[in-house]
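Chain naming here is simple, since letters A, B, ... match the order of the sequence lines and numbering starts at 1 in each. Predicted model only: the values in this text are computed from it and were never measured. The figures here come from the full heavy-atom set of this structure, side chains too, leaving out hydrogens, waters and symmetry mates.
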Number of protein chains: 2
Amino acid sequence: MIESVKKACYIISCFSSEEPVLGNAEIAGKLGMSPSTTHHLISTLCNEGVLMRDKDRRYRLGWKLLEWNNNVMFQQDIYDKAIPLVKDLISRFIGTAHIGMFDKGEVVFVLKISSQEASPIHTYIGSRKPAYATSTGKVLLAYNNDYLKETIERGLSQQAPNTITNIEKLKEDLKKVRDVGYSISNNENSTGTYAIAAPILSYSGKTIAAVNLAGPVSYMQGSNQHMIRQSVIKTADSISKELGYIEV
Amino acid sequence: MIESVKKACYIISCFSSEEPVLGNAEIAGKLGMSPSTTHHLISTLCNEGVLMRDKDRRYRLGWKLLEWNNNVMFQQDIYDKAIPLVKDLISRFIGTAHIGMFDKGEVVFVLKISSQEASPIHTYIGSRKPAYATSTGKVLLAYNNDYLKETIERGLSQQAPNTITNIEKLKEDLKKVRDVGYSISNNENSTGTYAIAAPILSYSGKTIAAVNLAGPVSYMQGSNQHMIRQSVIKTADSISKELGYIEV
DNA sequence: AAATAAGTTTCATATTATGAAATTTATAAC
DNA sequence: GTTATAAATTTCATAATATGAAACTTATTT
């Protein structure tokens with residue numbers, strides 16, 4: 001492992017929505033590194049456009065990241081194909097739809113689209129949640145034993161009132177997911193939020209992602225509960241078909 | 001400058017929409033580096049989630065970039081505030097709207113939204129164009145002498161039939177932009193494309209970005225030419241107000 | 001089954017990053 | 001306007017680390 005590259009990554013990760021602008025000393029302090037080392041790294045990153053130097057000699061994330069990000073999107077053909085289908089889903093209900101993929105024991109949201117009237121929800125494109133505590137994550141765990149193994153190794157911890165923290169209970173829940181073909185998260189990840197997710201299959205039949213619809217418990221369990229469930233499943237199936245999966 | 005960090009950046013930049021998946025040897029070849037060196041760097045980047053290792057031992061861009069990108073967005077409050085206003089703009093015409101900002105002699109597109117029926121255009125979020133050859137770029141040059149100086153130093157080259165390649169002619173054009181408050185690019189950047197841009201001002205009155213509408217020459221110069229111009233200017237003004245700029 | 005090509009690992013060496021200290025720059029206090 | 005303070009930046013000798021040739025492993029093709 002190349003240390004300076006690792007350190008450069010840590011520096012980039014220091015920036016967040018809460019702290020979009022940082023000085024050299026702040027960064028050095030956060031990472032426990034010498035200010036001169038961070039300065040060398042920061043200068044390099046500025047030169048590459050990964051960071052930008054402000055007039056008052058502080059730093060922010062640079063445009064290079066926009067460029068790179070764009071190519072992340074491009075390469076995931078799931079992305080282009082899914083957007084119109086997910087838009088169609090949220091046009092028919094009130095809530096927020098996500099597409100999640102598994103990475104290192106967590107679910108990463110690669111897409112998030114909300115309907116106009118949706119109540120805000122604490123996720124964003126690129127953000128992560130423990131897989132076992134989300135509807136999308138549980139779908140991915142239900143159909144990928146490797147993912148489940150990795151998740152168990154990392155341990156389960158309470159995220160919200162109903163988070164499943166027991167391995168046996170989780171396995172039971174995942175069996176249920178496989179039986180019905182969708183997963184539900186009811187107050188498992190964020191208090192007051194209910195979500196329902198269904199699997200997206202690649203041409204080879206592997207569950208590579210999951211799409212969900214999330215909203216307030218009251219709305220999601222309301223009168224059109226059944227319709228929401230059918231729509232989420234239909235959306236997932238349509239995306240799978242777009243990706244070349246042929247139902248058997 | 002820290003060499004390994006620079007090299008890591010080059011590796012990330014190897015990936016594109018045309019080549020989303022690359023092997024170690026390919027990357028080493030592209031960059032003229034030894035495969036073992038690139039492998040060390042690639043492994044590190046994989047560990048950090050910047051790259052991902054495919055099943056067939058090839059590599060693609062990783063989720064970390066999504067995470068980082070998100071924070072680039074967050075920090076530019078211009079982004080959140082502008083989106084609804086730009087959406088409103090494209091809803092009334094057929095074309096593609098951009099917001100561009102200046103960086104190192106070029107305009108970087110930080111936002112791109114197209115109306116449903118818009119003809120495709122060769123830009124994407126994060127992509128760059130020479131400032132002097134675009135409507136957004138010329139707005140930024142017209143109101144920022146530093147930008148102009150930097151641009152002139154880098155030289156002007158023909159991009160499309162009408163690109164301004166003469167410094168004096170460029171200065172005249174920029175004067176006109178200041179006089180009328182908007183800029184036009186007619187076949188200056190891409191053949192067949194006509195765009196009109198107006199300045200976005202920060203609370204302090206500095207021109208920090210430009211918004212444009214681009215489309216086929218025939219449409220943009222058609223009957224609602226005047227209305228388009230007024231709408232672009234109005235959109236720019238509204239965004240400026242959102243950013244705290246108070247007209248004098 | 002052999003051949004080929006690419007990915008990966010190892011390790012001695014040369015290169016390069018490191019951090020203490022000095023210097024410069026900007027900001028705050030007087 | 002001067003001094004004080006804090007942070008950013010630069011320098012440079014030294015310690016740490018990246019480098020690439022070569023060996024090895026894995027996968028694919030003939």
Side-chain angles (χ1 to χ4, degrees), chain A residues 1-16 18-62 64 75 103-104 146 202-204 206, chain B residues 1-16 18-62 64 75 103-104 146 202-204 206:
Chain A
M1 292 307 111
I2 290 173
E3 287 302 314
S4 45
V5 172
K6 245 165 120 178
K7 287 174 186 167
C9 290
Y10 296 159
I11 288 177
I12 300 168
S13 296
C14 281
F15 295 87
S16 65
E18 286 80 32
E19 300 183 290
V21 185
L22 294 168
N24 181 38
E26 282 177 286
I27 293 171
K30 263 176 183 285
L31 299 176
M33 290 160 61
S34 122
S36 95
T37 301
T38 51
H39 183 259
H40 285 295
L41 291 162
I42 289 168
S43 295
T44 306
L45 291 170
C46 282
N47 251 291
E48 296 303 319
V50 178
L51 298 182
M52 295 184 344
R53 179 179 267 112
D54 257 9
K55 52 225 141 275
D56 52 345
R57 297 180 309 151
R58 302 177 81 214
Y59 302 92
R60 45 173 65 227
L61 297 175
K64 194 60 141 197
Q75 90 190 228
D103 184 57
K104 302 201 183 100
D146 299 348
S202 74
Y203 68 96
S204 66
K206 202 190 164 218
Chain B
M1 290 308 111
I2 290 171
E3 286 303 315
S4 46
V5 172
K6 245 165 120 177
K7 287 173 185 168
C9 291
Y10 296 158
I11 288 177
I12 300 168
S13 295
C14 281
F15 295 88
S16 66
E18 287 79 32
E19 301 183 291
V21 185
L22 294 168
N24 181 37
E26 283 178 284
I27 293 171
K30 262 175 184 285
L31 299 175
M33 290 162 60
S34 121
S36 95
T37 301
T38 51
H39 184 259
H40 284 293
L41 290 162
I42 289 168
S43 295
T44 307
L45 291 170
C46 282
N47 251 291
E48 297 303 319
V50 177
L51 298 181
M52 296 185 343
R53 179 179 266 114
D54 257 10
K55 49 226 143 275
D56 52 347
R57 296 181 308 152
R58 301 177 81 217
Y59 302 91
R60 42 174 66 229
L61 297 175
K64 194 59 142 196
Q75 91 190 228
D103 185 56
K104 301 200 184 101
D146 299 349
S202 73
Y203 68 96
S204 66
K206 202 189 165 221

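- One can place CD of B:Glu3 at 10 Å from C1' of C:dT15, the figure rounded to the nearest angstrom.
- Across all strands, B:Arg53 comes closer than 4.0 Å only to sugar-phosphate atoms, never to a base (heavy-atom distances).
- Between the side chain of B:Glu26 and the main chain of B:Gly23, a donor-acceptor pair closer than 3.5 Å is present.
- Put simply, A:Tyr59 has a side-chain N or O that comes within less than 4.0 Å of OP1 or OP2 on D:dT9.
- For A:Arg58 and C:dT27, the CZ to C1' distance is 13 Å, given to the nearest whole Å.
- Protein atom CZ of B:Arg57 is 12 Å distant from nucleotide atom C1' of D:dC24, rounded to whole Å.
- Taken from CG in A:Asn24 to OG in A:Ser34, the straight-line distance is 8.5 Å, to the nearest 0.5 Å.
- In this structure, A:Ile2 and B:His40 approach most closely via the heavy-atom pair CD1-CB, 3.6 Å.
- One interatomic measurement links the two molecules: CD1 of B:Ile27 to C1' of C:dA6, which rounds to 13 Å at whole-angstrom precision.
- In this structure a side-chain-to-backbone donor-acceptor pair under 3.5 Å is missing from A:Thr38 to A:Ile27.
- A distance of 5.5 Å separates SG in B:Cys14 from NZ in B:Lys30, rounded to the nearest 0.5 Å.
- Contact check of residues 32-48 of chain B against DNA chain D (heavy atom, cut-off under 4.0 Å) returns B:Ser34, B:Ser36, B:Thr37, B:His40.
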Side-chain donor-acceptor pairs of residues 3-13 of chain A under 3.5 Å, sequence neighbours excluded:
unit_1: A:Ser4; atom_1: OG; unit_2: B:Ser4; atom_2: OG; d: 2.5
unit_1: A:Ser13; atom_1: OG; unit_2: A:Cys9; atom_2: O; d: 3.1
unit_1: A:Ser13; atom_1: OG; unit_2: B:Trp68; atom_2: NE1; d: 3.0

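- End-to-end axis angle of the helix from C:dA1-D:dT30 to C:dC30-D:dG1, from C1' rotation axes over five pairs per end: 50° (rounded to 10 degrees).
- In terms of position on DNA chain C, the residue among A:Ser4 and B:Asn24 whose nearest nucleotide sits closer to the 5' end is B:Asn24.
- Checked options B:Leu45, B:Ile42, B:Leu22; the residue passing with B:Tyr59 is B:Ile42 (criterion: side chain to side chain contact (heavy atoms under 4.5 Å, CB included)).
- If you measure from atom CG of B:Leu22 to atom C1' of C:dG7, you get 14 Å, rounded to the nearest angstrom.
- Between B:Lys64 and B:Leu51, the closest side-chain pair of non-hydrogen atoms is not below 4.5 Å.
- Taking side-chain N and O atoms only, A:Lys7 has no distance below 4.0 Å to OP1 or OP2 of C:dA17.
- For the pair B:Ser16 and B:Glu19, the minimum side-chain heavy-atom distance is below 4.5 Å.
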